[in-house]
Amino acid sequence: MKAYTRLDDFQLIELLKGDDESAFAEIYSRYAENMAGFACSKLYSLEDARDLIHDLFVKLWENRNQLVISSNLKTYLYLLVRHRIIDKIRKNITREEYAESLKSLRYAYHNSIEQKIYLKELENTIEKSLNELSPRVKEIYQMSRVEELSIKEIAEKLGLAEQTVKNQLSTALKHLQRVLAQVSVTALLYWINS
């Protein structure tokens with residue numbers, strides 16, 4: 001894999017077009033974490049951001065033989081992310097519709113034993129990662145993601161400014177993003193090849 005780190009994006013694209021999984025993994029390694037951070041900053045949800053980036057890279061792999069990139073790879077990927085963010089926001093007009101779509105995704109995800117095992121390992125990784133956060137940041141994260149409270153509701157409950165809640169939530173999401181980026185390449189390659 002070290003040789004791939006020295007290749008430029010155009011060389012990686014050519015290898016990717018030739019079905020080179022290591023080239024794909026290098027592209028993922030170079031761009032996925034920052035793209036997930038960008039998506040998370042717009043969607044305020046690590047889960048949505050990860051889903052969006054996962055889907056984008058699945059499509060990149062599926063359409064690798066037809067890739068036509070006129071500018072550079074980074075610009076191309078960020079344009080794809082931007083369009084997907086806009087689409088995601090349009091789809092999530094109401095909270096109820098959003099919750100229903102998450103439920104259906106969750107049920108679809110639980111189709112096989114391997115996926116269940118991976119999900120359990122992922123949950124353990126997330127729990128372990130959450131325990132590395134300060135108690136306040138962890139509390140805000142859980143209020144947002146487990147109790148599904150809005151930023152305003154959390155701020156009112158804890159007597160904090162909304163911006164403070166946003167900052168603390170952002171800290172938690174960035175921490176989780178770093179941890180999850182390490183397991184994402186393996187999972188992504190598994191899903192693509194299954």
Side-chain angles (χ1 to χ4, degrees), residues 1-43 45-91 101-102 104-129 173-194:
M1 186 65 131
K2 287 186 179 179
Y4 285 88
T5 61
R6 288 185 240 130
L7 298 176
D8 65 35
D9 287 349
F10 289 110
Q11 292 170 313
L12 289 172
I13 292 165
E14 289 307 310
L15 290 169
L16 177 65
K17 288 180 181 179
D19 302 334
D20 190 317
E21 289 183 8
S22 295
F24 175 77
E26 175 60 25
I27 291 169
Y28 186 91
S29 174
R30 282 185 193 181
Y31 296 109
E33 185 175 346
N34 287 336
M35 289 168 56
F38 173 74
C40 188
S41 73
K42 305 300 180 195
L43 298 172
S45 166
L46 178 62
E47 185 176 56
D48 285 349
R50 286 185 64 247
D51 287 345
L52 188 142
I53 299 305
H54 166 76
D55 291 344
L56 185 144
F57 275 95
V58 167
K59 290 293 181 196
L60 182 69
W61 178 257
E62 289 173 348
N63 299 320
R64 64 193 176 278
N65 298 319
Q66 294 87 31
L67 279 179
V68 178
I69 300 175
S70 55
S71 57
N72 63 50
L73 180 59
K74 182 176 181 178
T75 303
Y76 174 80
L77 292 173
Y78 273 87
L79 281 172
L80 291 178
V81 169
R82 185 175 172 273
H83 291 296
R84 286 173 181 265
I85 289 170
I86 292 167
D87 289 343
K88 182 75 173 169
I89 290 170
R90 284 183 185 143
K91 288 177 185 172
S101 68
L102 278 182
S104 67
L105 280 173
R106 204 171 286 133
Y107 293 133
Y109 183 76
H110 290 290
N111 283 341
S112 73
I113 300 234
E114 292 87 6
Q115 288 171 332
K116 287 180 183 178
I117 291 169
Y118 175 74
L119 182 61
K120 187 65 179 165
E121 289 173 1
L122 191 57
E123 287 171 355
N124 290 339
T125 301
I126 290 170
E127 187 60 36
K128 191 181 201 181
S129 176
L173 295 175
K174 285 178 183 173
H175 176 72
L176 286 171
Q177 176 185 332
R178 281 191 300 272
V179 171
L180 295 174
Q182 297 168 3
V183 293
S184 294
V185 171
T186 305
L188 188 58
L189 288 174
Y190 168 78
W191 282 322
I192 289 168
N193 292 321
S194 60

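We use all heavy atoms of the structure for the numbers below, so side chains are in, but hydrogens, waters and symmetry mates are not.
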Please find the pair of heavy atoms, one from W61 and one from D20, that lie closest to each other, and give the distance. CZ3-O, 4.0 Å
Could you measure the distance from the CD atom of E33 to the NZ atom of K174? Nearest 0.5 Å is fine. 11.0 Å
Rounded distance (nearest 0.5 Å) linking atom CD1 of I53 with atom SG of C40: 10.0 Å
Indicate yes or no: at least one non-hydrogen side-chain atom of D19 is less than 4.5 angstrom from one of N65. yes
Report all side-chain donor-acceptor pairs from residues 7-17 shorter than 3.5 Å, counting only partners two or more places apart or in another chain.
from : atom 1 : to  : atom 2 : distance (Å)
D8   : OD1    : F10 : N      : 3.0
D8   : OD1    : Q11 : N      : 2.8
D9   : OD1    : R30 : NH1    : 2.7
D9   : OD1    : Y31 : OH     : 3.3
D9   : OD2    : Y31 : OH     : 2.5
Q11  : OE1    : D8  : N      : 2.8
K17  : NZ     : L67 : O      : 3.1

Could you state the interatomic distance from CD (E21) to CZ (R64), rounded to the nearest 0.5 Å? 8.0 Å
Just to verify, what does K59 make a salt bridge (Lys or Arg N to Asp or Glu O under 4.0 Å) with, not counting sequence neighbours? E62
With rounding to the nearest 0.5 Å, note down the distance linking NZ in K42 to CG in D48. 15.0 Å
Where the side chain of N72 meets the backbone of T75, is there a donor-acceptor pair that is under 3.5 Å apart? yes
Check: L80 and L60 side chains under 4.5 Å, non-hydrogen atoms: no
State whether the side chain of R84 and the backbone N or O of V81 hold a donor-acceptor pair below 3.5 Å, judged by distance alone. no
Rounded to the nearest 0.5 Å, the CG atom of L52 sits from the CZ atom of F57 at a distance of 11.0 Å
